[in-house]
Amino acid sequence: MLAVLVAVSTTADLDRYSMHAFAETVRFQGALAAMLSTRGGAQEALVTEGAGTLTDRPAAELGSRVLTGRRVTSIRYDDGGATLHTTSGAVRAGRVIVAVPPPLSGRIGYDPPLPANRTELERNTYMDSVYKAIAVYERPLRRKGGGHAEFVMLGEPGGAVFDTSPSDGPGYLCVLVAGAEARNLDRLASADRRRTLLQQLAPHLGPEILEPVTGSRGRWAPTSSRTRTPCARSAPGSPEPSPTCATARSRSTPGPQSAI
């Protein structure tokens, strides 16, 4: 059970995750229970209609000024600003905010190169993996006996299940599987994946759990077929990332790098 709890709460591959890094994560979050709790913890509140609306709605208001679907391949910066080369052409800007984790920003070419500490961070970190599925039902589901439909799955795959049903809507079950098991799950056909996730819950919620009205899955993988999270971890044996080296540049760095 502890292995499943640590994997789901950190989304790390446990064979590549140090106890020091885990202890620092727990210290930063307050406690392992706080990271997983749906009452008074990190899993308590949800954004109505999904977190994606936090960016979709402002983008809709800004209209054509927001360009999406253009993967940045390189950034050339000078005293006058920066030129971003993308898969759909070049864009000129006064300043650039690179708002992706270090392993992904490392796929972008920079001219001139970024400081050595930033390059080292990009080289020595990797992306976590998590598979997230949401099964939708006509009504919220309850355990046999009336409890909320929230579980820790100890089978294969192991994972966590949260009842994310809106107060006045249908039943939503959010299933999280982390690490190598998430990547294995992502390789299955859709029907096999659904059966693998939901069959562990049938003894507790009844056979109707196996037939959701519809389902959706989210993956943090705009450039990869594998399931990813927005979190980066230090590779084993490398220095742990710190807030000072996680920035694109040092505040004291003079010259055109101030454009990034």
Side-chain angles (χ1 to χ4, degrees), residues 10-12 21 25 28 45-132 182-183 186 216-235 238-260:
T10 64
T11 67
T25 299
F28 180 79
L46 299 173
V47 178
T48 302
E49 298 182 12
T53 58
L54 297 177
T55 55
D56 291 344
R57 289 176 178 173
E61 294 179 3
L62 292 170
S64 60
R65 287 177 289 176
V66 177
L67 306 177
T68 60
R70 301 189 180 194
R71 183 171 62 86
V72 176
T73 57
S74 65
I75 302 175
R76 178 178 178 82
Y77 48 92
D78 51 45
D79 291 331
T83 301
L84 293 81
H85 296 276
T86 79
T87 53
S88 301
V91 177
R92 184 67 180 175
R95 291 180 178 271
V96 178
I97 299 175
V98 181
V100 294
L104 299 184
S105 67
R107 300 177 184 177
I108 302 172
Y110 298 91
D111 183 20
L114 293 178
N117 63 344
R118 174 66 189 192
T119 302
E120 181 181 6
L121 178 67
E122 294 171 341
R123 185 173 58 249
N124 292 332
T125 53
Y126 67 95
M127 299 301 295
D128 287 348
S129 301
V130 67
Y131 186 91
K132 177 182 180 181
R183 297 190 293 274
D186 200 35
S216 62
R217 64 173 179 158
R219 54 166 84 187
W220 300 97
T223 59
S224 171
S225 62
R226 289 184 174 180
T227 304
R228 302 290 189 188
T229 77
C231 302
R233 303 287 178 190
S234 289
S238 63
E240 298 293 340
S242 66
T244 56
C245 69
T247 55
R249 63 178 179 86
S250 168
R251 290 185 180 273
S252 60
T253 303
Q257 285 178 348
S258 60
I260 297 183

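Predicted, not measured: the structure shown is a model, and the values here were computed from it. One is the number of the first residue; the rest follow in order along the sequence.
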Step by step, work out the side-chain contact (heavy atoms from CB on, under 4.5 Å) result for R183 and D186. CA-CA 5 Å; R183 297 190 293 274; D186 200 35; 5.6 Å; no

Candidate pair T10 and D128, rule side-chain contact (heavy atoms from CB on, under 4.5 Å), full reasoning: CA-CA 8 Å; T10 64; D128 287 348; 5.6 Å; no

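- Looking at Y77, its side chain does come within 3.5 Å of a backbone N or O of P112 through a donor-acceptor pair.
- Within the 4.5 Å cutoff, the side chain of R107 has no heavy atoms near those of the V72 side chain.
- Of all non-hydrogen atoms in E122 and P102, the two that sit nearest each other are CG-O, 3.3 Å.
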The test is side-chain contact (heavy atoms from CB on, under 4.5 Å); show your working for T73 and L84 and say whether it passes. CA-CA 8 Å; T73 57; L84 293 81; over 6 Å; no

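- Minimum heavy-atom separation, S105 to V98: CB-CG1, 3.8 Å.
- Residues L114 and T119 come closest through the heavy atom pair O-OG1, 3.8 Å.
- Residue pairs satisfying the side-chain hydrogen bond (donor to acceptor under 3.5 Å, both in side chains) criterion with at least one member in residues 80-90, sequence neighbours excluded, are listed as follows: T83-R92.
- T25 meets the side chain to side chain donor-acceptor pair (under 3.5 Å) test with Y17; sequence neighbours excluded.
- Under 4.0 Å is where a charged nitrogen must lie from a carboxylate oxygen, and between E61 and R57 no such pair does.
- Across all non-hydrogen atoms, the minimal contact from T125 to S234 is CG2-CA, 4.1 Å.
- By the side chain to side chain contact (heavy atoms under 4.5 Å, CB included) test, L54 pairs with V47, sequence neighbours left out.
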